There are 2 protein chains.
Amino acid sequence: MEGLALSPPARKRLGSRFAVLGMLGMGLETGYSMKKHVETNLRHFWSASYGRIYPILRELVTEGLATCEPEAKPGRRRRNRYKLTPKGQEQLNAWLAEPPEHQPHRHELLLKLSFGRYVPTAITKQMLEEHREVCRLAVDACAKMEAQLQGDAKLHRDQPYWLMTIRCGRAVRAAEQAWCDDAIELLDGIDGQGSDEASEM
Amino acid sequence: MEGLALSPPARKRLGSRFAVLGMLGMGLETGYSMKKHVETNLRHFWSASYGRIYPILRELVTEGLATCEPEAKPGRRRRNRYKLTPKGQEQLNAWLAEPPEHQPHRHELLLKLSFGRYVPTAITKQMLEEHREVCRLAVDACAKMEAQLQGDAKLHRDQPYWLMTIRCGRAVRAAEQAWCDDAIELLDGIDGQGSDEASEM
DNA sequence: CTAGCCATGTAATCCGTTACATGATTGG
DNA sequence: CCAATCATGTAACGGATTACATGGCTAG
């Protein structure tokens with residue numbers, strides 16, 4: 001009844017912020033290079049947009065977790081080089097040691113599938129086939145990344161960790177691919193004896 | 001160069017809206033029951049909050065895709081019963097037939113792992129072990145749901161489709177679980193010969 | 001000359017959760 | 001009587017993408 005109190009009630013989910021902090025920690029200095037890193041190395045389990053990165057970078061400076069030295073060399077486009085402060089390093093370490101939160105993921109194909117009863121089976125089948133192909137390509141891409149990683153001497157410190165992340169992506173995608181085969185089979189089973197209700201459509 | 005035109009440039013990602021439309025399509029009539037359905041049946045690949053459901057429901061009515069009949073029976077809490085209009089049914093069918101968009105998912109564990117080089121291996125190992133346990137529990141939960149589904153006569157139309165979604169969840173989680181074993185093994189390999197840089201912490 | 005990469009940034013908009021606020025009915 | 005379940009809704013916040021705006025350097 002009185003309610004309305006301004007409780008600071010356990011802040012949560014600052015993922016992107018710590019992603020940026022982490023990339024600063026690995027020595028990336030510009031917003032641009034962070035975006036690149038996410039796109040090329042983290043793409044199958046993370047994403048980031050400039051619309052978040054640059055504001056976060058400025059926040060970090062405001063809060064004393066990072067420093068920014070603008071670099072105005074002639075013959076170079078102006079750029080801001082960011083670096084972690086000790087305080088930033090500390091927060092990063094603290095976050096790294098905490099158990100990760102797992103945010104629930106949304107899988108639109110499965111959502112549609114849950115309404116599958118109202119859809120002609122041919123369409124559902126096509127969706128599953130397309131998804132299988134998407135998975136196959138993703139698995140291939142992971143295999144390629146893995147091969148590349150293994151032939152790179154400079155990354156030896158990061159290598160085993162990056163390898164793990166790629167293998168997780170590959171394992172998950174491969175499982176989904178296999179599941180598609182299963183699902184298609186199950187669907188063919190329905191199709192034989194089944195009355196699909198989309199006929200009323 | 002001319003740009004600046006007010007293009008209606010291909011609207012995207014209306015996932016939750018269509019989830020609601022779909023649930024209307026399967027005969028769910030109240031916001032409350034939709035939330036329940038998501039929580040009990042779709043939970044491992046979708047989520048929904050009242051904060052979205054109720055506003056969406058009102059929007060749908062405004063746009064003529066659904067109707068709302070408030071029901072004020074004595075001895076019953078007031079509730080609004082929503083139903084699809086033909087126009088709503090049409091939009092739902094159109095969406096169901098479209099190939100799903102796959103939004104990239106974020107996996108915080110993998111993000112932390114990508115910074116693993118800066119973390120004591122003991123901590124990383126613990127994270128992986130915890131994740132393995134989470135996966136194991138999820139796999140078990142899926143197995144239970146599957147068993148329940150198979151013993152339910154009323155759901156025979158939805159049954160094969162719901163089964164598919166559960167099996168996907170199970171397959172993915174099982175793959176992740178297996179991957180954890182792999183990753184832990186790889187980690188033990190590093191640990192033997194490895195210099196972890198967190199020593200400078 | 002021009003495409004592509006380097007590089008930074010903002011504003012609009014959308015999407016989604018959380019917390020709050022309310023309250024009736026039912027079963028133990 | 002108390003807890004659970006049914007039931008509806010809003011406000012504040014937080015988070016993320018998209019589109020726009022700008023512009024220099026380099027290699028072909």
Side-chain angles (χ1 to χ4, degrees), chain A residues 1-20 28-40 46-59 61 68-82 101-106 108, chain B residues 1-20 28-40 43 46-59 61 68-82 101 103-106 108:
Chain A
M1 200 176 272
E2 76 298 357
L4 293 165
L6 358 112
S7 41
R11 313 168 129 281
K12 278 181 187 182
R13 210 178 285 113
L14 284 304
S16 290
R17 186 198 180 79
F18 285 107
V20 169
L28 300 182
E29 296 184 326
T30 67
Y32 184 83
S33 67
M34 292 179 195
K35 180 96 194 302
K36 281 290 149 229
H37 181 247
V38 172
E39 270 166 6
T40 66
W46 204 260
S47 62
S49 58
Y50 291 131
R52 285 295 301 153
I53 292 172
Y54 288 116
I56 284 174
L57 245 12
R58 245 182 313 137
E59 275 172 44
V61 173
C68 171
E69 359 174 345
E71 183 191 57
K73 281 221 191 99
R76 271 252 173 258
R77 160 88 163 106
R78 171 181 73 89
R79 70 176 168 177
N80 299 327
R81 309 179 63 147
Y82 293 90
E101 307 177 37
H102 62 298
Q103 49 251 83
H105 57 290
R106 284 155 171 244
E108 213 177 271
Chain B
M1 203 175 267
E2 78 297 2
L4 291 166
L6 358 113
S7 40
R11 314 170 127 278
K12 278 181 187 181
R13 211 178 286 112
L14 283 304
S16 291
R17 187 198 178 81
F18 285 107
V20 169
L28 300 182
E29 295 184 327
T30 67
Y32 185 83
S33 66
M34 291 179 197
K35 180 96 194 301
K36 283 287 153 233
H37 180 246
V38 171
E39 270 167 5
T40 67
R43 74 179 129 86
W46 204 260
S47 63
S49 59
Y50 292 131
R52 284 294 300 153
I53 292 173
Y54 288 116
I56 284 173
L57 245 13
R58 246 181 313 135
E59 274 173 43
V61 172
C68 170
E69 358 175 348
E71 183 192 57
K73 282 222 192 94
R76 271 253 173 257
R77 161 89 164 103
R78 171 182 74 88
R79 67 175 170 176
N80 300 326
R81 310 178 61 146
Y82 293 90
E101 306 178 38
Q103 50 250 82
H105 57 289
R106 282 156 173 244
E108 212 177 272

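Order of the sequence lines sets the chain letters (A, B, ...), proteins ahead of strands, with each chain counted from 1. Just so we're clear, the structure is a prediction, and the values are computed from it rather than from any experiment. What you see below is based on every heavy atom in this structure, not just the backbone, and it leaves out hydrogens, waters and symmetry mates.
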Legend entry - Sole residue of Glu29(A), Glu71(A), Glu69(A) in side chain to side chain donor-acceptor pair (under 3.5 Å) with Arg79(A): Glu71(A)
Legend entry - Sugar-phosphate only, base, or nothing, as touched by Arg106(B) at under 4.0 Å among non-hydrogen atoms: sugar-phosphate
Inset, instruction - For Arg58(A), answer base if it contacts any base atom (sugar-phosphate contacts may also be present), sugar-phosphate if it contacts only those atoms, and nothing otherwise; contact means non-hydrogen atoms under 4.0 Å. - result: sugar-phosphate
Legend entry - Val61(A) side chain reached by Leu57(A) side chain, heavy atoms, under 4.5 Å: no
Legend entry - Sugar-phosphate only, base, or nothing, as touched by Ser16(A) at under 4.0 Å among non-hydrogen atoms: sugar-phosphate
What pairs of donor and acceptor atoms, side-chain ones from residues 33-40 of chain A against any protein atom, are under 3.5 angstrom apart with sequence neighbours left out?
| unit_1 | atom_1 | unit_2 | atom_2 | d |
| --- | --- | --- | --- | --- |
| Ser33(A) | OG | Thr30(A) | N | 3.4 |
| Ser33(A) | OG | Thr30(A) | O | 2.9 |
| Ser33(A) | OG | Thr30(A) | OG1 | 3.1 |
| Lys35(A) | NZ | Glu39(A) | OE2 | 2.9 |
| Lys36(A) | NZ | Glu39(A) | OE1 | 3.4 |
| His37(A) | NE2 | Asn41(A) | ND2 | 3.4 |
| Thr40(A) | OG1 | Lys36(A) | O | 3.2 |

Inset, instruction - Indicate, with a heavy-atom threshold strictly under 4.0 Å, whether Ser49(A) touches base, sugar-phosphate, or nothing. - result: base
Inset, instruction - Test side-chain contact (heavy atoms from CB on, under 4.5 Å) on Trp46(B) and Arg106(A) and set out the steps. - result: CA-CA 5 Å; Trp46(B) 204 260; Arg106(A) 284 155 171 244; 3.4 Å; yes
Legend entry - Degree of bending in the helix from dC1(C)-dG28(D) to dG28(C)-dC1(D) once both end axes are built from five pairs, to 10°: 40°
Inset, instruction - Examine dT17(D): is either OP1 or OP2 under 4.0 Å from a nitrogen or oxygen in the side chain of Ser47(A)? Give yes or no. - result: yes
Inset, instruction - Return no unless some side-chain N or O of Tyr50(A) is found under 4.0 Å from OP1 or OP2 of dT8(C). - result: no
Inset, instruction - Have a look at Tyr82(B) and say if it touches a base, only the backbone sugar-phosphate, or nothing, with a 4.0 Å heavy-atom cut-off. - result: sugar-phosphate
Inset, instruction - Indicate whether OP1 or OP2 belonging to dG9(C) is found under 4.0 Å from a side-chain N or O atom of Arg78(A). - result: yes
Inset, instruction - Mind checking Gly51(A) for me? I need base, sugar-phosphate or nothing, with any heavy atom below 4.0 Å counting as a touch. - result: base
Sort me out a list of protein N/O and nucleotides 3-6 of chain C N/O pairs below 3.5 Å, or just none if empty.
| unit_1 | atom_1 | unit_2 | atom_2 | d |
| --- | --- | --- | --- | --- |
| dC6(C) | OP2 | Tyr32(A) | OH | 2.8 |

Inset, instruction - Look at the aromatic rings of Tyr32(A) and Tyr50(A) and report parallel, tilted or perpendicular, splitting at 30° and 60°. - result: parallel
Inset, instruction - From the options dA7(C), dC15(C), dT8(D), select the nucleotide whose nearest atom is closest to the side chain of Thr30(A). - result: dA7(C)
